[in-house]
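Quick notes on the structure that follows.
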Amino acid sequence: MAGFFKDIPHIRYEGCDTDNEFAYRHYNPDEIVLGKRMEDHLRLAVAYWHSFAWEGGDPFGGRTFDRPWFGDDMAHAKIKADAAFDLFAILGQPYFCFHDVDVRPEHDTLAGNIAALDEIADYFGPKMEATGTKLLWGTANLFSHRRFMSGAATNPDPAVFAWSAATIKSCMDVTHRLGGENYVLWGGREGYETLLNTDMGREAEHAARMLSMVIDYKHKIGFKGQILIEPKPQEPTKHQYDYDVATVYGFLKRFGLENEVKLNLEQGHAILAGHSFEHELALAGSLDMLGSIDMNRNDYQSGWDTDQFPNNTPEVALAYYEVLRAGGFTTGGTNFDAKLRRQSLDPEDLVLGHVGGMDICARGLKAAAAMWEDGGLERARKARYAGWDTPEAKAMLDSDLDTISADQLALNPNPEPVSGRQERLENYVNRFV
Ligand code: XUL
Ligand code: CO
């Protein structure tokens with residue numbers, strides 16, 4: 001490989017015994033897991049923004065990275081694209097994801113932004129063809145520019161609503177043109193900083209109208225991909241409206257949009273919401289709302305969205321277990337919405353961050369699949385609710401309080417508690433992870 005990643009080899013599967021740092025130990029795309037290729041289970045994607053647009057800044061200091069593509073014009077955008085597709089070729093992951101602003105230079109006018117996005121999409125086309133890299137999802141960045149400081153769809157200024165609608169349209173067009181398999185809406189600044197200046201009722205109506213227009217436009221252009229909302233409870237705003245799975249589902253039901261939208265769940269966002277990732281996945285699975293995942297963790301000490309590559313097999317295994325329980329991905333996949341630490345300056349760091357993430361996902365998937373195949377958790381779950389399989393118990397659900405109390409007093413005046421067997425189940429899980 002020449003250019004930014006020069007001398008870095010293509011990464012291949014070599015198995016657990018290799019001492020080659022530049023090899024996969026677990027990610028073996030063709031390995032059959034539960035009857036399906038590993039690559040087709042995981043559907044891994046590189047996130048353009050963190051890997052190529054992010055400069056290494058934090059709240060106390062700016063850019064630490066020195067990349068040849070930093071610069072806000074089309075020439076730099078193309079150098080960035082060259083480097084991005086070089087990384088995709090090195091990793092061999094099947095997908096990538098991007099926001100409009102990650103890939104194009106910024107203009108003062110909407111027309112300028114749309115033309116620049118179209119130009120870079122044309123530049124991507126042959127590269128996607130050459131490397132075989134597909135678009136898992138596209139999205140619009142409606143949160144970085146100062147015009148979005150008070151939101152996009154929920155902005156009090158109708159001109160910003162209009163700008164946002166036009167930007168989403170252009171991003172959906174490009175996603176469709178590049179064969180994208182999903183379109184993501186993360187409510188970047190759809191929330192509030194203070195209730196003192198906020199009309200929550202009105203903002204919810206506006207967010208729902210925007211979403212309805214997105215759905216209508218999807219059907220109008222024949223985009224077959226899935227519309228996904230990505231929940232997050234706070235950051236950047238003090239309170240984000242798309243707080244978590246339960247909140248987003250309530251919003252979708254309220255506006256009758258639950259059959260048109262699924263969810264893109266991110267591990268770090270689940271943690272910020274005070275949930276485990278498995279909680280969010282299991283709830284979405286039970287609601288038939290699980291679409292795709294962003295597999296990036298937070299640092300448990302810092303309490304904010306640190307977006308790190310996954311490195312904890314048991315956590316990842318439990319997450320994929322819930323994905324398997326929900327039936328696996330269809331249009332969705334596993335996006336690394338993960339950035340390096342700001343001291344990780346080298347091209348090798350960027351490659352190996354992804355290699356580690358991909359290996360952990362593969363390892364987690366294999367553990368989850370083994371657990372699923374063994375069936376111990378599902379047997380235990382079934383046994384726990386077995387009482388409900390009797391005709392009397394089923395009939396009770398169609399009964400009423402009067403009848404139930406009469407029956408209960410007659411048949412079963414004092415039910416005996418039954419063990420939840422938590423430690424036994426935890427021990428069981430630990431045999432696999
Ligand atoms: C922000 C975040 C976004 C979305 C896409 O926390 O996760 O990168 O994934 O806009
Ligand atoms: Co994300």
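For this chain, numbers begin at 1 and follow the sequence in order. Start at 1 and go down the list; that is how both ligands and their atoms are numbered. Only heavy atoms go into these numbers, but all of them, side chains included; no hydrogens, no water, no symmetry mates.
Rounded to the nearest 0.5 Å, atoms NZ (K232) and OH (Y243) are 12.5 Å apart. How far CG of L136 is from OG1 of T331: 7.5 Å, rounded to the nearest 0.5 Å. With rounding to the nearest 0.5 angstrom, the CD atom of E423 is 12.0 Å from the CG atom of N430. To the nearest 0.5 Å, atom OG of residue S150 and atom CD of residue E190 are 10.5 Å apart.
By the criterion of a heavy-atom distance under 4.0 Å, the side chain of D305, and not its backbone, is placed next to ligand 1.
When you scan the N, O or S atoms of D337 for the one nearest the Co ion (ligand 2), you land on OD2. Between the Co ion (ligand 2) and the N, O or S atoms of E266, the shortest distance is to OE1. Looking at D294 and the Co ion (ligand 2) together, the shortest N, O or S contact belongs to OD2. Residue E230 approaches the Co ion (ligand 2) most closely through its N/O/S atom OE2.
Atoms of ligand 1 lying under 4.0 Å from any heavy atom of D337, numbered from 1 in the order shown and given with element: 2 (C), 3 (C), 4 (C), 7 (O), 8 (O), 9 (O). Near W49, meaning under 4.0 Å from one of its heavy atoms, ligand 1 places the atoms 8 (O). Under a 4.0 Å criterion applied to the non-hydrogen atoms of D294, ligand 1 contributes the atoms 9 (O).
A donor-acceptor pair is defined here as one N or O able to donate and one able to accept, closer than 3.5 Å; no such pair exists between the side chain of N296 and the backbone of D307.
Not a single N/O/S atom of D307, whether from backbone or side chain, sits less than 2.8 Å from the Co ion (ligand 2).
One finds a salt bridge joining K78 and E119 here, because a Lys/Arg side-chain nitrogen approaches an Asp/Glu carboxylate oxygen to under 4.0 Å.
Residue T139 places no N or O, backbone or side chain, under 3.5 Å from any N or O of ligand 1. Between W186 and ligand 1, not a single N/O pair is under 3.5 Å apart.
Shortest contact from atom 5 (C) of ligand 1 to any protein heavy atom: H99 NE2, 3.3 Å.
Ring planes of Y48 and F96: tilted class, angle from 30 to 60°. Ring pair F336/F309 is tilted by interplanar angle, where 30° to 60° counts as tilted.
Using a 4.0 Å heavy-atom cutoff, E235 is absent from the residues neighbouring ligand 1.
In this structure, F85 has its ring center closer than 6.0 angstrom to the ring center of F124.
If you check each of E230, E266, Q240, K339 against atom 4 (C) of ligand 1, the one with the closest non-hydrogen atom is E230.
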